[in-house]
Each structure stands twice: as C-alpha cells, then as structure tokens.
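Only one structure is covered here, and it is reproduced in the block below.
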Amino acid sequence: MEHIITPKVEFVKLLNRYHEKKSALGTLYLTATHLIYVEQINDTRSETWVLHHHITSIEKLPLTASGCPLLIRCKTFQVLHLLFQREKDCQDVYLSLLRLSQPVKEEELYAFLYNPHQNEEERRQGWEFIDVANDFSRMGLSNEYWEISHLNKNYEICSTYPSVLGLPKNASVAIVTGSAKFRSRGRLPALSYYHKDTKAAICRCSQPLSGLTSRCVEDEQMLQAISQANPNCPFIYVVDTRPKLNAMANRAAGKGYENEDNYSNIRFQFQGIENIHVMRNSLQKLLEVCSMKSPSMSDYLTGLENSGWLRHIKSVMDAGMFLAKAVYEERASVLVHCSDGWDRTAQVCSLACILLDPYYRTIKGLMVLIEKEWISFGHKFSHRCGHLDTDPKEVSPVFTQFLECVWQLSEQFPSVFEFNERYLIEIHNQVYACQYGNFIGNCQKERLEMRLHEKTFSLWPHLLKNQDLYRNPLYRRSLECTFLRPSTLPLHFKFWCGMYNHYDRGMHPKQSVLDKLLSFTQKKVEGEQTMTELQRQLAVADGVLPDPSGPINTPAEQDSPIENTPTATVVQSNGSCAPLINGDAEEAGPGVEKCNEKEGAEPAAPEHDLTSSKDKPVSVETEHSKEEVQESS
Amino acid sequence: MELSEHIKTANVEDVTLKRPFHPALRGTLCVTSHHLLFSDRKDEASWQLLILLRNIDAIEKSVENLFGYPRAVGSSGTITIKCKDLLVLQLEIPGMEECLNIASSIEALSSLESVTEMYPFFYRPSHLTLQGPWGLSSMEQYYKQTERLWDRWRVSTVNSDYSVCPSYPSAVIVPREVADDMLIRSARFRQGGRFPVLSYCHHRNGMVIMRSSQPLTGANKKRCKEDELLLQAVIDGSELGYVIDLRSAQQAQQARMTGGGFESKSCYSHWKRIHRHHERGKVVQESLIKLVEACSDPSHSVDRWLSKLENSKWLSHVHSALSTAGLVVECVERDGHSVLVHGSEGTDNTLLVSSLAQLILDPASRTVTGFLCLLEREWIQAGHPFQQRCAHSAYSHARLKQECPSFLLLLDCVWQVWRQFPLALEFSEALLLRLAQEAYASNYGTFLCNSEQERCAAGVKENTHCLLQSLLKPDIEEQYLNPLYEPTDLAIWPSVHPQSLQLWTGLFLRWTEYAQNMVEAREEVWSIVKEHRERAGPDQTNNTLSTHCETLTPFENLMDELTIL
C-alpha cells in the first residue's frame, strides 16, 4: 500500500487502439493488487481490472497535445493505452505501478494475501487434490520393470527434482547416484510416462557432463537399465531437443550430449528446438505484429513469418510427435533432455503424454500433467514468468508455447479434448497472476521452503469448480482413438488470435458456437437433474415404491431412510448445479455484473479486494458490448 | 464428331487407384462420353468412383517404356488426375497404349467447348422432370415480392431481346421515372451496355445499391446526359450518393485512354467517388493457382508456407473484397446514402462486392433460399461469365484465357462471414463447398454459359435441370443447414483485421484427414442440437430466437472508412 502515491485519478482516457473516436473517459484507481479503470456512460458502468502481477511493462510515451500517455503491457497480452490530463498524475501512477508490478520478495505476491473463503481443511484438500503419485499408479507403477523411488526425498540427489521419482527397478542406488553426478544439476534420467500397452517409457533428464571425452559408467548403466525395462524393444532413443550446434557448443563447456559409441543400443537424435532467449525474442516480434495498427494482409503474414513463432511451435510439436511415435509405433523407450531439462524437455514430454494418453486430454488430466511435468519436475515458473523483479534474461514463454501446442491440437481434433480454449487461456492467466500458490517458486524444494501449502491456496479446485465454463461440448470420450496423430504440415499451424489478441474483441467471431453449445449441454444437465429429481419425488410421493433399478439414480438401495434420501439429494443437486451455472460471478463478489448495475459509486475500495477475489480482469469486452447495444438501438 | 469417337479405349482392367489418405484399390476403369468410372471388382457392394470428365482440370501421364517396344510385357503407365474440386487421384494402368489412350480421351472430353455437348444436357435423373419453370425466381418475381420497391422503382423490359445489353437479363429494375429510351442511351455510354441497375434496396432506409460497368468517357471526357439523369433519379432529391469504383484512382484515369473512364465530379455533382483497388482476372486466377500449390507443398518449413501463403495474395483478395463490401454497407446502413458499384466490366468484382454487401445487410439473403436467390440474381442472371471464368481451375496447364475465380472468392468471403457469425446464416459450409464444386463441373445447367442470352440460345432452360431448384426440392438436405441458425435483423459486419481472416481450410484442405475430423465435429454439433430440440420442444426454440436478436452485437467493425469520406 505504501507504494501507492495516488489511489485515484479522474478524467483518464483509455485509448482504443483501432478507433480513436471510441476511446473512453473514466477514472483510474490503484489498489494494492489491481489497477482498475472505471468508465461511466449514463447508467452503465464498465470496469477494467488489471492485476499488478500481470503487468509486464509500463512505458511513458512522449507528451502529446491531448495529455500524457502511459502504455501498459500485460503478460496476458492485454495492452492499455492511458492518457492523463496532468503530467504529475501520470508520473505518480507510473512510479506506483513500476513498484507494484515488480515485487521484490515472494511474500509480496498476491497469493500470500488471497483467500478464496476456504478454511484450513479445504485448503489442505485443495492441495492434495492433484497428486502425482496417483498418476504413477494410474500408469501401472510399480510393476516388474519400474518402481517408485524415494531416494530423492530430501532433495539430496537432485535439488530441482520432485521427492518421488519413477526409476527402473534394476537400477541400483549406486547407478542412480552415479548417473545424477554425471548430469547437469544432478537431473538424472527419471520416468516421465510409462505406456502400459507397449511397455515403453518416456524418461527425462538434463544433458550429460560428457564434455569432449568424459564418460560415466553409472550413467551408461542407467540408460542400459531404462532400455532393459522395456522388453519390447532392444534399443532406446536418446532425444536431445536442442539444435545440434547448441549441443556441440555445450561440449566445450564440459557438458554436451551422449556419445553413441559409449552407450550400448541407443539411437541418438537431435530435435532442434531453440533456446529460451530465441523464444523470448520471437514472442516479442509476434506481439509487435499483433499490435500493428492497420496492417495489410501482406504485412501481417510477413510479420508472422519473420517472428518465427509458428516455426518454434512446430518444432516443439514435431519433437513431441517424435516421442509419441517412438513409443506407440516402435514400442521404443525414449530418454529426452535439453540443457537443464526443465524447459524444452518439459514441453516435449508433456506434449507426448497428451498425444499418447487420452487421460491428459481431460480437464483433470491436464492439471495432473502440468503438476507432474512442469511443477514437480522443476520448470522454473518464478524465473520464466518473471514473478519477481529478477533477471529479465530468465523470462521466456516456454509454458505458453506448451499451451499453444495443446490449442493447435484442439484445432485439428475438435472432439478429443474435454476442455475448450478458455481453459487454456485461464490457466495461462493464472500462471502469471500468482493468485494461487501453484506456480510460485522454481522447484518443489523451494516451494516447500516457502511453505506455500500453508500460506497459499491451490488453483486446481478453483478451476474444477468452474469446469462447466471450460467444457468442450464436442468432446467424445471415445476409446478407439487413443493415439493422436496430428498432421505437422506447416499449414496446420495457425495464429492463436484468442490468446495473443485476446483483448481485441473486435477481431474475434461475434457469435460464439461454444457458448451456444454449452448452453444446450448445460440445459441438458439441468434437465436431467430436474427430471431425476421429479421422478424420484414422484416415486416417493407414490409411497413405498422407490424403484432402485429405474431411471432414478438412487445412491443405494437403502430402505430405512426413505424420507431422508430425497431431501438430501435435493440439497445436493441444488448445491452442485446452481453455482456451476454462474459460479464465477458468485464468487467474484463485487465483480462486473453487480457493479455495472450500480451507479456512480467508487469501485470496490482498495482494501476490499484483498478478501474478495477479483481473479479475472473484466476487460474492455464489457465496455464494447455495452457500446454496441447502444448503437444498435 | 461424335463424342464417343474421342474414346479410343473404353475399358481397362486391373487399374490401381490411389487417393490421398485411402488405401490403394484395384479395379476396372471405364471412360464414357462424360464420366470416368472406376469400380473395384468385388461383386457384392462394389465400390465405385464416378468423376465428371468436366471436373478434370489437368492430367499428367508418366509412361514407362515409352521409347521401348510398344507392347513390351509389363509396361504400364500412371495417370495423375487433378480435379477442379482440388482432388488429386492417381491411376496405374497396365499397358502403355491403354494408358495413353485413356489419357488422350480424358484430355479431349474434359475440355469440350460446345455447351450443348456438356453433360447437363444428358443428365436425366428419374426424380426430376424437365417440366415447369427453371430457376428460383425472375426479376419480375423479385420485384413483386419486394414491396419497398414499388413506389420508386419499376421493372424495365427494355432488354427483352438482349439488344441493349447482351449480358443483362431480359428484365431489370430501374428508377420509375426513367424511361426506356433513356436506358438505351445510358447503355451506349457504359461498357458492354451494362447501364446502372438496381441490385439491392435496403429494408431499413430504402437506400439502394446499384451496379453497372464503367462509363465510356474516354480521353476527351465525353458525357451522357441520360446516364447522369439516371443516376440523379437514383438518389432522388437527396444530396449525396457514393460511387464505389473498384479500381484505384490511377487505374480509372488510365482506363480513359482505352475508352473507359469514371463519373467525374463536374458531371455527376451529387455523387462522391471512392476508389478501392481490386485485383482482377488473371492476377486472381494466379493467386488461386499459387495458393493451391502452397497447400499441397510437402515441405515442412513454416516460413516457406507462410511466405507462399503471403505470396499467393489470395487472402489479400479476400481482405479487399470484404473491406469494400463493408464500405458499401457503411455508406448504406450507417451513412444512409445510396451507392453505385462498378469496376471496369461490372461482371466480376462488382458482383462480388454488391452480393457480399447484401449478405451483410439483408437478413433475407442469409437463409438458404435467400442466399441461392441472391446468387441467381446477382451472379447467374446478372451475367457473370461462368463458362469463361470457370473453364479451368487451379491445376490446369492450359494457357489462361478468361479464367478468374471470382465466384470462388465470393464463397470464401461468405465463409469468412459465416466463421465470424456462426449463428447468423441458415446454410452451412457444406453448401458453399457444393456450390464451389458445381460452378466448375456440374450435372446441372445452372452454371453453364456466360449470360441469360447465351442460355436462351443454347436452350439451357429447356434441356437441363436447375441446381438451385434441386438443392431446395423436395427438401433441403440436412448437411446444407446450419444447426445453430438464429435469424437476426441486424447487419452482420465482419471484422477485416488480418487476424480475423483465415485460410478456408474446408475448401483448400478438403481432401485431407483434417477434413474428416471437421466432419465428425459437425455431426457432433448436429447431435447436440437435435437432442436439445427434442428436449426443449418447439416453443422453447422460438424463445431462444427472439432473445438472440437483442444480444447480437452489430457493429464491431473497426474500419475507419467513413473518416476517409
């Protein structure tokens, strides 16, 4: 709070990037967590909420005749162009935001203040909701080839790995620890995914410290053990996801890649995904294309090409496809690494999991996957997302790229994902919001030290509660298409307007098939619920004849508590159904809908939103639609 | 020469057919006067592929043993057939001679010039009769149905013998107060006699979209009093109308050197001219060729794809067509002024822009019947030279003559509108795809010839069936309907940001596995909607219709067009 110099500035213009005439005039508020822009036209009030953590840069543009412009860019790809009347206000807001958007200490992050009205028990349950260990048993571990190992329980073998690892059964402790010493940062080969049907596994690690000549017997034995854990194939693929040149350069620094001569029965393969710096610059260029004022088709397509973004997305997809094919078609195990094995490796392994296993294409499955491949295997969310004011060279859109790959798949296969595009975008926003504790810190050990499970809440229950918003109505839980075989021809890679131009509503389709279908399927669920309820009430009313095998889904055939059961279900169905319909609105408290109705009043006061969750900034879209309605009338 | 004389070898056994994403099949190949028939030889449930020879755009043959002994054992040849609907097939034919014979038969029969020899004149399905009126509607009927026209407009039959304008229909709608002899004079002053006629009258404010060809002002700035009066009568007292000239100002100036020209401010004082550059003819045809080539490029480089996509300029044409249509709509709907649209000849881009503007403005043109009527009125009757424009498609090696995919461009633009307003059109993408196919090769006579006059002369209406009628009768097929259709009265204004426009994958990736996934998704949409309808019953569906009209956001177009005016 002490960083807020001016909490409220009036007569601030919010410039419309495409339409100067459509610019709004309103009031700007700074709270401890959000920047809020309130526009009042007659009776309608529209608010734009921007979380300070979402702000990536604030830029003071040169003074113009109409005022002092301030350009705010967000990690959610929202861009706010504000115009202040007085230079001083602009300067004050600038300084405040500069400080507020770049927390120095972890404790300043929103998650440490935020409470979604849960008690300690709910908090605990929330954190236990997604458990990576369950996923191991879902894959069929332990079995005769693989075991769940607690060797790393104190993070002594590898500080950035999870405490629980899947390892080949015939790898001795000596082999494991020896191999870890030969791998960059101790990130030894560990199981990422075990494919039950083929018995092939995907393992991940970091680059070996092979340098120009070094070798390590234990590491060679480790790879041997992984190979032997798959009876269906005599060799394993070792995939280095880096371009060959990068890997070669690493050899001079004592790192590098596996020498095929030293390891028995490996097939070595480079994949050519570029490093985090290239990706960061590429996104930068992409965003420049997105914000061009009125580009011609040629400008746009040339810009898109020059950004290289889709080329990089395809390189990730190609590599993921390579792994999945090796496992599914050749029944071969794969060991994947890049340099440290926490960026490209995470992307590629998780993508392969989605291609191989329909479970990861469900709402919950994706949570598990992110928890498993990203959070617990030490993708450095704090650094990559720039949660704190740290080295900008560590920031990179690696996770965004993964989400985009999933989106690209969903465009090719409209019916195989349980979730829709909004789910991916919501996850993306939450990763950067730091409202929940999941994506804070760089590895499990760090999170433990921060005591995140005690001080913050988990995102997953929140998403699950709103899952009706994220459902894909076209989803078919068909079992026959278990292995996804996307085409990786370049023409299938499209620009993701919904993500990178998310806040430019004018570019999006004006009518939503998704909403339409969701409303249909939602009605179906409701209808079925009332139907069941009516039938059951009828049955009860009829007397002692509740038909247990009929259309009524009675939980059990208990005879005794006849009168209790129906009432209990009424409560249940109300309780589970109603909040699902507009679940978010209810929780949002002083959010959009309600505030819009009120007149004049100041927005939720600064201290207000410490307790009330205003998780989604209520973007310009409300404002647009309001405008449209007026124009049309 | 009889058609059958082109057929040197009618039947070949043991032919292998290869299609993309399907296993190879062996069977018998048969060439008839109008078809290529392949059937596998399983007796029961035999699978057949019937291709209209007219649909074949290019044929490539590679023959082994070409310079060896002609009847060498095991000699064979491969024919690659590239269709106008973008399907590519391969046929492996045993016997070199047979292969060459088949190839030359196909070549000859797929490029017939005479209209009456084409298949629509032979197509006689049992469920259709040749009796009764041909087509959906005539200009007279359209006039009768459109009450708002009665006051100020009339039907003129000045062109009943096609002498005033050979490419116009026999009846056109013109201002009531303009007499036929004035129309004749105006026609002499317009290229190809295409004098300004009514294309659309807006249901909200009575403003109109007119279309014509360029005025023949020439180098010494000729004038035509009657033409000026005709346009004056169009705006009837209001002080302003817009001429949307589909050429750049410079091109319009240059056109004067060859006898063409534009409506100058001094002669048409109440008309304001806006120039919008649109590519035409060969340039657009080459775009299509380049785009299709890019889509079948097996290279895995994203950069290469994007640069080919950009280089094809196809999406740029889509962009300009939609932008200009948006401009017309802006003039009519928002600004409340009438518009005259023309380029040079007034048979391609003019029709493209005027029909797109109607789709955006007029709810009636968004139903299946309305849309087909629009196409009939604005393309078939209005004299888009289909036969010349659609003679070849993207694969042909023949030297380009008059080919231009204007109609395909229209369908692409309609698809873009549909993508942005997925609930506002009653028809589905499948209908657009069907039309795209039929325009190039058809069993029906609808897209034959270049004008009504030619169709009359060739007896198209008497001797062929009408596609548009058969699409609607007896009942429109479900696949051509949009299950989510909710009519709205508002203008549906598409965004023309490059980010908002996409490659029409339904057409250009039609024969890939990807298309199959999309078909499944569409089926799923249908099943959800059907289930919903069954549950909701008829009254509730009506409910959603009415609520919807209020929620649709009409103008989210971000063009700054009017600020330019």
Side-chain angles (χ1 to χ4, degrees), chain A residues 16 18-19 21-22 290 294-302 304-306 308 310-311 313-314 318 412-415 473-476 485 487-495 497 500-501 504-513 516-517 519-521 523-524 527 624-625 627-629 631-632, chain B residues 294-295 297-307 309-310 313 315-316 318-319 419-424 484 486 490 492-495 497-503 505 508-509 512-514 517-518 520-521 524-525 528-529 531-532 535-536 544 550-558 560 563:
Chain A
N16 185 315
Y18 303 97
H19 237 272
K21 279 189 220 147
K22 279 194 171 180
C290 292
S294 49
S296 71
M297 188 53 84
S298 291
D299 294 341
Y300 164 71
L301 289 173
T302 311
L304 195 58
E305 180 193 338
N306 290 340
L310 289 176
R311 184 176 71 224
I313 295 293
K314 179 170 148 57
D318 280 337
Q412 273 195 50
F413 302 99
S415 339
L474 302 180
Y475 176 54
R476 279 197 250 189
R485 234 180 263 271
S487 161
T488 52
L489 278 175
L491 50 82
H492 287 291
F493 291 85
K494 298 188 224 168
F495 170 71
C497 189
Y500 306 105
N501 281 115
D504 299 301
R505 303 308 296 178
M507 292 180 188
H508 300 222
K510 311 297 181 301
Q511 298 172 321
S512 160
V513 172
K516 195 76 219 162
L517 292 177
S519 80
F520 287 174
T521 46
K523 274 187 192 137
K524 178 183 164 192
H624 271 305
S625 48
E627 247 174 73
E628 256 83 66
V629 172
E631 261 182 79
S632 65
Chain B
C295 289
D297 187 340
S299 144
H300 268 269
S301 155
V302 174
D303 292 4
R304 185 181 157 106
W305 155 248
L306 285 173
S307 101
L309 179 63
E310 191 275 319
K313 301 285 177 205
L315 284 172
S316 301
V318 171
H319 182 263
R419 206 188 70 80
Q420 295 191 30
F421 294 90
L423 316 182
L484 302 172
E486 289 177 4
L490 301 170
I492 49 169
W493 213 309
S495 154
H497 288 286
Q499 287 99 313
S500 308
L501 304 177
Q502 289 192 353
L503 178 71
T505 44
F508 295 107
L509 304 184
T512 64
E513 269 180 332
Y514 168 83
N517 297 337
M518 298 304 131
E520 280 169 22
E524 192 62 30
V525 171
I528 292 174
V529 170
E531 207 178 314
H532 171 74
R535 234 182 4 260
T544 51
E550 295 154 42
T551 52
L552 177 70
T553 60
F555 306 132
E556 193 30 55
N557 201 25
L558 301 164
D560 276 313
T563 53

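Protein chains get the first letters and strands the later ones, always in sequence-line order, with residue 1 at the start of each. Computed from a predicted structure; not experimentally measured.
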Spacing of [X] atom [atom1] and [Y] atom [atom2] [to the nearest 0.5 Å]:
| X | Y | atom1 | atom2 | value |
| --- | --- | --- | --- | --- |
| B/Trp305 | A/Lys314 | CH2 | NZ | 13.0 Å |
| B/His497 | A/Cys497 | NE2 | SG | 9.0 Å |
| A/Met297 | B/Leu309 | CE | CG | 8.0 Å |
| A/Phe495 | B/Ser500 | CZ | OG | 9.5 Å |

Which heavy atom of [X] sits nearest a heavy atom of [Y], and at what distance?
| X | Y | result |
| --- | --- | --- |
| B/Pro422 | A/Val513 | CB-CG2, 3.3 Å |
| B/Tyr514 | A/Lys494 | OH-NZ, 4.0 Å |
| A/Phe520 | B/Arg535 | O-NH2, 3.3 Å |
| B/Asp297 | A/Leu489 | O-CD2, 4.3 Å |

For the candidates [options], which exhibits the highest count of non-hydrogen atom pairs separated by less than 4.5 Å from chain A?
| options | answer |
| --- | --- |
| B/Gln502, B/Arg419, B/Glu531 | B/Glu531 |
| B/Met518, B/His319, B/Gln499 | B/Gln499 |
| B/Leu509, B/Leu501, B/Val318, B/Thr505 | B/Leu509 |
| B/Leu503, B/Thr512, B/Leu315 | B/Leu315 |

Examine whether an atom of A/Ser294 lies under 4.5 Å from a heavy atom of chain B, and if so say whether it belongs to the side chain, the backbone or both; otherwise answer neither.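 For A/Ser294, there is no contact with chain B at all, as no heavy atom is under 4.5 Å.
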Is a side-chain N or O of [X] found less than 3.5 angstrom from the main chain of [Y], in a donor-acceptor match?
| X | Y | answer |
| --- | --- | --- |
| B/Ser495 | A/Met507 | no |
| B/Asn517 | A/Phe413 | no |
| A/Gln511 | B/Ala424 | yes |
| A/Arg476 | B/Glu520 | yes |

Side chain to side chain contact (heavy atoms under 4.5 Å, CB included) assessment of A/His508 paired with B/Gln420: CA-CA 7 Å; A/His508 300 222; B/Gln420 295 191 30; over 6 Å; no
Could you give me the CA-CA distance, side-chain angles and deciding distance for B/Cys295 and A/Leu491, then say whether side chain to side chain contact (heavy atoms under 4.5 Å, CB included) is met? CA-CA 7 Å; B/Cys295 289; A/Leu491 50 82; 4.2 Å; yes
Partners of A/Glu305 by side-chain contact (heavy atoms from CB on, under 4.5 Å), sequence neighbours excluded?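 Testing A/Glu305 for side-chain contact (heavy atoms from CB on, under 4.5 Å), a comparison that skips the adjacent residues, returns B/Asp303, B/Leu306, B/Ser307.
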Once side-chain contact (heavy atoms from CB on, under 4.5 Å) is applied, do any residues pair with B/Glu310, and if so which ones, sequence neighbours excluded?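 B/Glu310 satisfies side-chain contact (heavy atoms from CB on, under 4.5 Å) with A/Ser298, A/Leu301, A/Thr302, B/Lys313 once adjacent residues are dropped.
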Can you find a heavy atom in the side chain of [X] that is under 4.5 Å from one in the side chain of [Y]?
| X | Y | value |
| --- | --- | --- |
| B/Arg304 | A/Pro490 | no |
| A/Leu517 | B/Leu484 | yes |
| B/Val302 | A/Ile313 | no |

Shorter than 4.5 Å, heavy atoms on both sides: which option in A/Ser519, A/Cys290, A/Pro414, A/Gly308 has the most such pairs with chain B?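 Of the options given, most contacts go to A/Pro414.
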N-O pairing of B/Glu513 and A/Arg485 below 4.0 Å: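 Salt bridge flag = no for A/Arg485 with B/Glu513.
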